[in-house]
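Take a look at the structure set out below.
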4 protein chains.
Amino acid sequence: MSQTESGRTDSGLCPPKTARGQKTRESLLRAAEKVFGEKGYYVASISEITQEAKVAMGTFYLYFKDKEDVFRALVQHMLELLRTHLRKHVAPATSQIEAERLGLKAFLSFVSRHKNLYRIVLDSYSVDETIYSGYFQVFADLYSRRLSRAAEQGEVRPGDAEVRAWCLIGISNFLGMRYALWKRPASMEKVVDAAVDMITHGLQAR
Amino acid sequence: MSQTESGRTDSGLCPPKTARGQKTRESLLRAAEKVFGEKGYYVASISEITQEAKVAMGTFYLYFKDKEDVFRALVQHMLELLRTHLRKHVAPATSQIEAERLGLKAFLSFVSRHKNLYRIVLDSYSVDETIYSGYFQVFADLYSRRLSRAAEQGEVRPGDAEVRAWCLIGISNFLGMRYALWKRPASMEKVVDAAVDMITHGLQAR
Amino acid sequence: MSQTESGRTDSGLCPPKTARGQKTRESLLRAAEKVFGEKGYYVASISEITQEAKVAMGTFYLYFKDKEDVFRALVQHMLELLRTHLRKHVAPATSQIEAERLGLKAFLSFVSRHKNLYRIVLDSYSVDETIYSGYFQVFADLYSRRLSRAAEQGEVRPGDAEVRAWCLIGISNFLGMRYALWKRPASMEKVVDAAVDMITHGLQAR
Amino acid sequence: MSQTESGRTDSGLCPPKTARGQKTRESLLRAAEKVFGEKGYYVASISEITQEAKVAMGTFYLYFKDKEDVFRALVQHMLELLRTHLRKHVAPATSQIEAERLGLKAFLSFVSRHKNLYRIVLDSYSVDETIYSGYFQVFADLYSRRLSRAAEQGEVRPGDAEVRAWCLIGISNFLGMRYALWKRPASMEKVVDAAVDMITHGLQAR
DNA sequence: AATGAATGAGAGTTCATTCAT
DNA sequence: GATGAATGAACTCTCATTCAT
């Protein structure tokens with residue numbers, strides 16, 4: 001959420017003081033997800049968002065400072081959804097390799113259900129590069145830490161955890177795009193298997 | 001270039017007939033690379049491009065149908081530059097693994113020299129998703145074929161070549177972004193080593 | 001105040017019935033003076049005024065019909081303050097010339113303490129020219145009468161009292177702007193002396 | 001004019017390169033004078049100005065950076081008209097007192113013909129106080145110098161030239177407002193006489 | 001081939017005012 | 001008496017595109 005406990009939104013606007021205002025803000029955010037996801041940041045217009053949310057144009061500015069502000073809140077929001085989703089699905093893993101498999105599967109299922117994710121994240125690059133880089137940095141940090149730990153415990157071969165983290169993020173991302181977004185394969189399971197196989201054993205014949 | 005052998009540009013405009021026209025078109029394209037790369041497709045304006053190219057606004061429409069048309073020509077152009085660059089650097093490879101190493105290095109060096117690449121490619125997603133997907137599909141196809149061949153020859157372990165291709169593209173892409181674009185590491189060589197090590201042997205401890 | 005003895009405000013709204021209402025109205029008026037004075041009528045917004053006064057937007061319309069209404073009340077209010085101030089300081093004068101000196105000094109000191117006066121009065125011209133002209137007409141009438149009387153008593157040379165009144169108002173006004181508002185002189189006393197000297201004896205060498 | 005010889009307008013926009021552009025800019029400026037003069041800066045809208053000038057909205061921004069930019073150009077322009085007018089009419093004066101009379105007359109006739117002057121100058125105070133103060137400072141400087149010279153030559157009594165300058169500007173201004181703008185007197189000549197008499201000999205009976 | 005003035009639809013944003021609570 | 005969410009018209013400003021020269 002873009003509301004901190006201090007009682008103000010990140011944008012400096014007062015948060016809604018009533019339940020009604022809370023509802024309105026949420027429907028605006030939902031509408032923004034739809035419209036930004038379908039048309040992209042620049043093609044989407046505030047008026048489309050407010051129409052979708054069934055409120056007047058001016059209402060928008062009660063809850064968000066400007067177009068960029070909703071967008072940031074939205075990316076924030078989706079990032080949190082994704083992290084929650086991943087955490088939940090990866091938790092049961094008993095090994096790092098199993099965590100990779102579960103994480104990849106979870107990511108692919110998330111993308112399948114949130115087709116808007118890619119457009120929104122990609123757009124963030126041109127809205128403000130730091131939104132985009134920050135988004136991936138979050139995952140890279142988490143990943144790095146997990147991989148370091150796994151290496152310490154002898155579960156994975158030693159190696160640069162950060163580089164590996166970025167490799168794994170790249171893999172998830174492109175597989176998600178290709179197989180969850182663009183052309184779904186006959187069996188997603190097989191895709192995951194093939195990817196995890198490569199991640200686990202590498203390409204080289206022995 | 002966006003000119004086919006049939007002698008017409010993709011946009012249906014006649015190609016420049018004189019050397020002077022040729023020059024103008026090229027300076028427009030160069031200007032477009034600069035402006036789109038710095039500001040992004042939507043924030044950039046035709047008038048900025050013509051100013052950068054030092055021609056009048058009307059001149060633009062002598063060479064390109066519209067804003068989207070230059071953009072497509074530009075992506076085309078960069079794609080070709082990149083392919084040429086990669087081909088040249090990967091050619092000497094004597095094994096698939098060596099090809100991976102050389103390809104990754106070549107990609108990273110290209111990105112370092114063409115910082116605009118990412119913004120332009122990323123923007124293409126919201127200009128027209130098919131530009132973006134087509135861009136990666138080209139590489140995925142090439143990769144797949146090469147990996148299949150390598151597997152046939154017993155050089156790499158058998159496995160789904162297409163899935164692996166997308167994994168490798170994802171890896172290159174994210175490493176390029178992280179290490180060539182955002183924060184250059186002390187030693188790029190080590191990054192390449194770590195990545196190639198993972199690609200070659202996988203994560204799993206033996 | 002914009003309240004007449006008939007018990008209604010000029011705007012047709014009922015005046016506050018309780019002490020609490022009275023307080024609220026006053027803090028609104030104080031806030032209006034601050035905000036209009038700092039930003040000007042058109043740039044200032046009702047919401048700034050209510051924020052400054054620490055009341056909700058809707059509260060404003062309990063005490064004033066609309067934006068113009070507060071503004072009129074405010075000009076009214078300042079005019080009264082000014083008249084009271086002048087009356088008090090000019091009273092002790094024993095001659096018309098002394099009254100000029102005291103009046104000018106009092107005006108300059110008032111302006112020094114109420115820097116907002118000019119912006120508000122000047123704005124009134126474009127809100128409604130009659131506010132502005134009415135404001136000065138009040139002073140012109142008072143002045144004219146006094147000058148006529150002084151002429152009758154042989155204290156000042158005979159001459160068109162009205163023209164002289166407007167000249168004197170113009171002098172006060174511009175001296176106030178120049179010396180009390182824009183750039184305070186080393187000695188205000190000397191400014192007053194020079195002005196009164198000119199008013200008293202004119203420019204011409206004898 | 002707001003064009004310097006260096007070939008750029010004050011606002012940083014390129015000046016029109018063709019005669020047609022020149023014409024358009026001028027009709028825009030004329031329209032601005034009319035609309036700003038009638039409605040005031042804030043109430044006037046760019047679209048009214050362009051309609052009055054019979055050009056499209058976008059055309060406006062070819063010649064002026066924004067609303068404030070035309071306004072500044074306009075004030076500049078009127079100031080120059082006024083100065084030219086005054087210079088021409090005051091030139092024949094053979095004494096400082098005669099110069100006062102001619103200057104005042106010229107100012108009153110200018111105001112009668114340019115009723116918009118006051119609103120525009122007054123508005124400048126809330127657009128940007130320095131436009132307004134700069135406007136009067138120009139006259140104050142000229143006046144001061146002339147009065148100093150006249151005092152040196154024994155033509156007027158010695159005294160603070162600057163204070164006198166501001167007094168005289170105030171007088172002109174308020175007389176212009178009262179007698180040229182608001183309510184024309186039966187005889188303007190008599191008004192001038194009365195004012196010049198006061199300026200010349202002061203109020204005090206001898 | 002090249003120019004640059006002109007267009008006008010449409011974007012983001014503000015704000016005086018209303019009204020249900 | 002007081003609140004603050006909601007409204008929507010109106011504004012300023014941008015820019016892809018056209019066209020007369």
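Every chain is numbered from 1, with letters handed out A, B, ... down the list of sequences. In this text the structure is predicted, and so the values were computed from the model without any measurement.
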>> Side chains of A/Y63 and A/L29, heavy atoms from C-beta outward: is any pair under 4.5 Å?
In response: no

> If you find the nucleotide of DNA chain E closest to C/E68 and the one closest to B/T24, which residue's nucleotide is nearer the 5' end?
Replying inline: B/T24

>> Let's see if you can work this out: which of E/dA5, E/dT3, E/dA1 has an atom nearest to the side-chain heavy atoms of D/T18?
In response: E/dA5

> Starting at CG of B/D66 and ending at C1' of F/dT18, how long is that distance when rounded to a whole Å?
Replying inline: 13 Å

> Residues in ring-ring contact (aromatic ring centres under 6.0 Å, His included) with D/F36, at least two apart?
Replying inline: D/Y41, D/F71

> What stems, by residue range, does DNA chain E take part in, given at least 3 consecutive Watson-Crick or G-U pairs under 3.5 Å?
Replying inline: E:2-21 with F:2-21

>> Could you work out, with side chain to side chain contact (heavy atoms under 4.5 Å, CB included) as the rule, every residue matching C/A31, not counting sequence neighbours?
In response: C/I49, C/E52, C/A53

Tabulated below should be each protein N or O lying under 3.5 Å from an N or O of nucleotides 8-11 of chain F; please produce it.
| residue | atom | partner | partner atom | Å |
| --- | --- | --- | --- | --- |
| F/dG8 | N7 | A/G58 | N | 3.2 |

> Tell me, do A/T24 and A/V55 make a side-chain contact under 4.5 Å, heavy atoms counted?
Replying inline: yes

>> Rounded to whole Å, please give me the gap between CG in A/L28 and P in E/dG12.
In response: 13 Å

> Which whole-number value in Å describes the distance from D/Q22 CD to F/dT21 P?
Replying inline: 19 Å

> Excluding sequence neighbours, so at least two apart, what forms side chain to side chain donor-acceptor pair (under 3.5 Å) with C/K39?
Replying inline: C/E48

> By side chain to side chain contact (heavy atoms under 4.5 Å, CB included), which residues pair with C/K54, not counting sequence neighbours?
Replying inline: none

> Starting at CZ of B/F71 and ending at C1' of F/dA16, how long is that distance when rounded to a whole Å?
Replying inline: 16 Å

> Between A/V121 and A/Y132, what is the shortest heavy-atom contact and its length?
Replying inline: O-CD1, 3.1 Å

> Relative to the 5' end of DNA chain F, which residue comes earlier, D/F60 or C/K54, by the nucleotide with the nearest heavy atom?
Replying inline: C/K54

>> Closer than 3.5 angstrom, by distance alone: can the side chain of C/K67 be matched with the main-chain N or O of C/A44 as a donor-acceptor pair?
In response: yes

>> Among residues at least two apart in sequence or on other chains, which ones pass salt bridge (Lys or Arg N to Asp or Glu O under 4.0 Å) with B/E33?
In response: none

> When you measure from every atom of DNA chain F, which of residues 30-40 of chain B have a heavy atom less than 4.0 Å away?
Replying inline: none

>> I need the OH-C1' distance between C/Y41 and E/dC15, as an integer number of Å.
In response: 12 Å

> Over how many whole Å does the gap from B/Y63 atom OH to F/dT17 atom P extend?
Replying inline: 18 Å

> Taking atom C1' of F/dG4 as reference, at what distance in whole Å does atom CZ of A/R25 sit?
Replying inline: 17 Å

> Among E/dT14, F/dA16, F/dT3, which is the nearest nucleotide to the side chain of B/Y61?
Replying inline: F/dA16

> For B/E38, what residues pass the salt bridge (Lys or Arg N to Asp or Glu O under 4.0 Å) criterion, not counting sequence neighbours?
Replying inline: B/K34

> Which pairs, with at least one residue in residues 119-129 of chain C and sequence neighbours excluded, count as a side-chain hydrogen bond (donor to acceptor under 3.5 Å, both in side chains)?
Replying inline: C/R72-C/D128, C/D128-C/T130, C/E129-D/W182

> In whole Å, what is the span from the CZ atom of D/R20 to the P atom of F/dT21?
Replying inline: 8 Å

>> C/K115: which residues meet the side chain to side chain contact (heavy atoms under 4.5 Å, CB included) condition with it, sequence neighbours left out?
In response: C/L181, C/R184

